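For reference, the structure discussed in these notes is given below.
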Amino acid sequence: RLGQVVVLWRGKPDNWMGHVGLYAGQDQHNVYLLGGNQDNMVCIKGYPRERVLGIRELRRIKHT
């Protein structure tokens, strides 16, 4: 769903480095993420779907 947090591997799948972005869409080959440091700017960029490590849902926290 739009806005979910998507975690990607970077370099190699078992590398400690990664990338995180907000889900903005997908096609047959790519997942499109809104990120704050993609090509040194805020933008939506496509990444190969096979690089996805995980997807997380953001939850609203109630303040008391």
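Keep in mind it's a predicted model, so treat the numbers as computed, not measured.
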Return yes when atom CZ of Arg56 has more than 12 non-hydrogen atoms of other residues, nucleotides or ligands closer than 6.0 Å, and no otherwise.
-> no
List the atom of Leu8, the atom of Leu53, and the distance in Å for their closest heavy-atom pair.
-> C-CD1, 4.0 Å
Could you tell me whether the side chain of Tyr23 reaches within less than 4.5 Å of the side chain of Val31, counting heavy atoms only?
-> yes
Worked check of side chain to side chain contact (heavy atoms under 4.5 Å, CB included) between Met17 and Lys12 | CA-CA 8 Å; Met17 294 186 296; Lys12 302 183 283 185; over 6 Å; no
Atom of His19, atom of Tyr47 and distance for their closest heavy-atom approach = NE2-OH, 3.3 Å
State whether the number of non-hydrogen atoms from other residues, nucleotides or ligands found under 6.0 Å of Asp14 atom CG is greater than 12.
-> yes
Side chain to side chain contact (heavy atoms under 4.5 Å, CB included) test vs Leu22 passes for just one of Ile44, Val5, Leu33, namely Val5
Who pairs with Arg59 by side-chain hydrogen bond (donor to acceptor under 3.5 Å, both in side chains), at least two apart in sequence or on another chain?
-> none
Flag yes if Tyr32 and Val42 sit in one hydrophobic cluster, no otherwise; membership is Ile, Leu, Val, Met, Phe, Trp, Tyr, and two members link when side-chain heavy atoms are under 4.5 Å apart.
-> yes
Say whether, by atom type as modelled, one donor and one acceptor occur between the side chain of Arg49 and the main chain of Asp27 under 3.5 angstrom.
-> yes
Are Leu58 and Leu34 linked, directly or through other ILVMFWY residues, by side chains that come within less than 4.5 angstrom of each other?
-> yes
Answer yes or no: is there a side-chain heavy-atom contact under 4.5 Å between Asn30 and Pro48?
-> yes
